[in-house]
S.K.: 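Just dropping this structure here.
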Amino acid sequence: MDRLKSVFDEFVSRHGIGVALFISLTVLVWVLVLIALPQVAMLDYSFRHNLSPQDIGGPQDVYTLSNYGFFLFRDGSGTNTLDMGVLGKTILASVLVTIIDVIVCYPIAFILAHSATGVAARLMILGLIVPFWVNEILRAFAFRVIFGATGLINGVGMSLGFWDVPIDFIRANVALYSGLTYTYILLMVFPIYNAVEALDRNQIEAAQDMGASWWRVHWRIVLPVAKPGIASGATMVFMLTAGALAAPQILGGPSNLWFTQLVYQWFSDAGNWQRGSAYAAILLVTCLGFVLLMMKVFKVNIGAIGR
Amino acid sequence: MTKDVALDHVTIRFGSHTAVDNALLTIQGGEFFSFLGPSGCGKTTLLRCISGFIEPTEGRVLIGGNDMRRVGPNKRPTALIFQNLALFPLMSVAENIAFPLEVRGVGRKERRRRADELLDLIALPGVGDKKVYELSGGQRQRVAIARALAVEPDILLLDEPLSALDLKLRHHMRTELRSIQKRVGLTFIYITHDQGEALTMSDRVAVMSAGVVQQIDVPEVIYDRPRTAFVASFVGETNAISGKVASQSGGDVVVDTPIGMLPGRASGGRSYAPGDIVTLFIRPEQLAVGEAANAPSISCTVVKEEFEGSVRNLFLEDKGIPLRLSRVNSGSEGAPLVPGQVVKASYNPEKAWALPATPEA
Ligand SMILES: Nc1ncnc2c1ncn2[C@@H]1O[C@H](COP(=O)(O)OP(=O)(O)O)[C@@H](O)[C@H]1O
Ligand SMILES: [Mg+2]
């Protein structure tokens with residue numbers, strides 16, 4: 001609280017009381033109405049029964065854990081392995097997408113920060129930003145077209161004679177992973193670029209001068225510097241991938257459900273917002289817990305992510 | 001153990017800009033050799049060329065007689081200490097120093113032992129576990145040297161390593177560097193724009209200007225017998241008086257200047273024709289107040305006198321040409337001189353150099 005007050009006082013002395021009040025009010029509204037309230041409302045929902053409108057506020061309208069219970073035990077008829085499996089698979093798949101993104105984006109960020117100049121650098125940045133201009137649904141369908149049975153990749157592959165029967169990239173989830181990886185590239189490149197850019201080129205040259213091979217230069221000099229950036233990018237990509245809906249909906253194989261699709265089904269198909277809220281909360285908490293665990297494992301502190 | 005470094009007509013160009021122009025010199029094994037020149041004259045470029053980060057556009061770099069063309073920095077028997085040191089901030093001091101050993105696959109225990117040994121050598125025992133940012137500027141400096149020594153190079157290359165330090169420390173580190181060099185017995189190639197550093201530490205100095213090596217000599221000769229106008233004016237303070245050669249006999253020259261016929265020496269066995277345009281260089285400490293037997297003198301007006309601790313600087317002027325005279329502040333100079341007073345300033349013509357006014361090609 002004292003910290004907040006001193007920040008406010010400094011702001012007043014720098015910009016005047018009017019601006020300070022306006023900014024504080026906007027921030028307050030933003031934090032409360034747009035961030036805190038919806039989450040709290042959703043959390044509140046998740047602990048209630050799915051009642052018909054006339055029963056709301058009535059004697060049956062009490063808090064319950066049944067929505068969370070359903071995720072674990074269905075209706076008491078044994079463990080809900082199906083939904084838990086979907087959650088586990090979603091997390092695993094998101095981890096995979098995140099790892100692919102790190103592998104793809106680390107070199108891009110490094111080259112962008114230390115080798116590319118002028119036109120080449122600007123073209124690279126443009127190439128990274130353009131994916132964000134394209135609508136998410138459009139992008140997903142574009143990938144469907146490319147990876148489809150009669151799509152570009154199968155066409156080229158078969159006409160060059162690499163394989164003779166169309167490969168079902170959709171069923172194998174290749175299309176889904178490619179789509180998700182591609183979508184969040186910028187979110188991974190940018191923080192890594194930010195971290196790596198600060199690295200003094202002389203350090204790389206000094207290491208080379210002392211005989212270090214290029215992989216050692218990266219392992220010992222560049223990667224440690226890039227680590228907070230990787231952590232920050234990985235957190236964003238992981239969270240957004242785990243929370244993606246359109247891409248899994250459109251590109252996912254028939255047997256592969258994303259956990260967000262379950263949430264969507266509860267809200268929309270089943271009309272059970274309470275259970276949907278509980279499922280959304282489960283996804284959120286699981287993802288947060290997973291991220292925190294990974295940060296512990298890789299010895300990254302939260303402060304580094306905010307940078 | 002020690003190896004010669006030879007630059008065989010080395011030219012380095014960046015596009016149309018020539019950063020190093022036809023450098024031809026040999027640095028002896030075990031020598032403390034400095035390149036001295038103003039910022040931007042191509043010193044760093046030359047050093048990076050010796051260490052293997054840039055290939056010469058023309059000419060060859062030879063180390064121990066071997067042509068270094070296409071031999072990478074990691075394969076050369078050199079270690080470069082960067083201008084900003086380039087210590088690794090995320091590693092401890094010991095890890096920094098042991099990095100070259102880590103590269104060679106030396107085990108953890110042995111690495112630590114060597115690092116501690118090197119820390120002793122640079123007189124910083126016990127700081128191995130500190131982080132780099134916990135050290136002072138001078139300590140970092142020495143850690144950078146220790147890390148370079150861990151490479152076990154034959155030649156240590158230092159790029160203005162003292163420029164970030166404050167004056168006192170800089171003076172202290174001069175002695176320190178020189179004594180480390182004596183102890184390890186390696187060839188040191190040292191780059192600086194600070195003539196004090198170059199003159200105090202080096203066995204030999206190469207003075208550079210705009211990519212051209214102007215003169216290579218021991219420090220005394222660089223200072224006392226400059227061979228080009230650039231060396232005369234860049235190294236130390238000097239008075240420059242332009243004029244025309246009146247006559248020359250052997251090494252003795254008489255220069256016709258606006259303030260009279262002044263005798264001096266032709267540097268480097270040059271012979272001038274009467275009428276050649278030259279500049280006569282006389283150091284402030286070579287000028288003395290009053291007339292002396294067999295010494296030429298200039299009569300001039302006192303502008304002001306400045307006190308600078310160990311010396312007094314006397315600013316004189318004659319026909320619009322400023323002259324500076326410095327005398328040791330020993331207390332026996334007599335009455336202070338007042339502005340406007342006319343005095344005679346005499347000098348030793350053996351220490352006055354007539355050099356071609358324009359830099360020679
Ligand atoms: N990589 C480069 N590309 C283009 N010009 C360069 C490069 N490196 C140095 N130069 C130019 O070469 C000249 C000498 O630079 P440098 O060797 O760094 O000088 P010093 O170390 O003596 O201050 C400068 O004019 C500099 O701009
Ligand atoms: Mg330099």
Side-chain angles (χ1 to χ4, degrees), chain A residues 102 106 109-111 113-120 191-234 295-307, chain B residues 44 47-54 68 71-92 95-106 111 114-115 118 131-132 140 143-153 155-161 164:
Chain A
V102 171
Y106 174 80
F110 181 78
I111 290 169
H114 286 283
S115 315
T117 48
V119 180
I192 301 182
Y193 171 85
N194 230 1
V196 167
E197 203 216 0
L199 178 68
D200 171 16
R201 245 207 103 69
N202 283 349
Q203 285 186 24
I204 298 174
E205 290 194 338
Q208 286 173 340
D209 191 39
M210 290 180 270
S213 54
W214 76 262
W215 78 261
R216 190 186 294 275
V217 168
H218 280 274
W219 181 247
R220 291 289 278 145
I221 314 295
V222 187
L223 254 184
V225 172
K227 199 166 114 178
I230 292 177
S232 162
M295 278 174 18
K296 260 240 145 53
V297 170
F298 288 104
K299 300 198 179 69
V300 183
N301 58 17
I302 298 207
I305 297 224
R307 269 187 299 164
Chain B
T44 299
L47 204 66
R48 287 170 61 81
C49 178
I50 296 173
S51 61
F53 287 108
I54 339 180
M68 288 289 124
V71 178
N74 50 348
K75 300 265 158 52
R76 297 190 184 191
T78 57
L80 174 61
I81 297 179
F82 288 77
Q83 201 156 1
N84 65 356
L85 305 184
L87 292 173
F88 307 131
L90 299 177
M91 297 185 198
S92 72
E95 278 179 298
N96 260 282
I97 295 177
F99 186 78
L101 305 172
E102 184 189 321
V103 167
R104 278 182 235 152
V106 176
R111 289 206 304 260
R114 274 293 288 155
L118 283 160
K131 286 275 185 217
V132 171
R140 273 179 222 183
V143 169
I145 294 170
R147 187 178 68 175
L149 291 177
V151 179
E152 290 175 5
I155 298 136
L156 202 62
L157 308 168
L158 304 100
D159 190 355
E160 308 213 18

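Chain identifiers are assigned alphabetically (A, B, ...) following the order of the sequence lines, protein sequences preceding nucleic acid strands; residue numbering begins at 1 within each chain.
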S.K.: To the closest 0.5 Å, what do you measure between CD (A:Q203) and CG (B:L85)?
M.R.: 10.5 Å

S.K.: With chain A, which of B:S51, B:A86, B:G72, B:G52 has the greatest number of heavy-atom pairs at distances under 4.5 Å?
M.R.: B:A86

S.K.: Output the option from B:R104, B:Q83, B:E102, B:R147 having the highest count of non-hydrogen pairs under 4.5 Å with chain A.
M.R.: B:E102

S.K.: Identify which part of B:L87 has an atom lying under 4.5 Å from any heavy atom of chain A, answering side chain, backbone, both or neither.
M.R.: backbone

S.K.: Please determine whether side chain to side chain contact (heavy atoms under 4.5 Å, CB included) holds for the pair A:R220 and B:E95, giving the CA-CA distance in whole Å, both sets of side-chain angles, and the decisive distance to 0.1 Å.
M.R.: CA-CA 11 Å; A:R220 291 289 278 145; B:E95 278 179 298; 3.6 Å; yes

S.K.: Heavy-atom cut-off 4.5 Å, strictly under: side chain, backbone, both or neither for A:R201 against chain B?
M.R.: neither

S.K.: Check B:V151 against A:M210 and note the closest heavy-atom contact, atom names and distance.
M.R.: CG2-CG, 3.7 Å

S.K.: Is any side-chain heavy atom of B:R48 closer than 4.5 Å to a side-chain heavy atom of A:D209?
M.R.: no

S.K.: Under 4.5 Å from any heavy atom of chain A, what part of B:L90 do you find: side chain, backbone, both or neither?
M.R.: side chain

S.K.: Where on B:F88 is there a heavy atom nearer than 4.5 Å to chain A: the side chain, the backbone, both, or neither?
M.R.: both

S.K.: Would you say the side chain of B:M91 lies within less than 4.5 Å of the side chain of A:P224, judging by non-hydrogen atoms?
M.R.: no

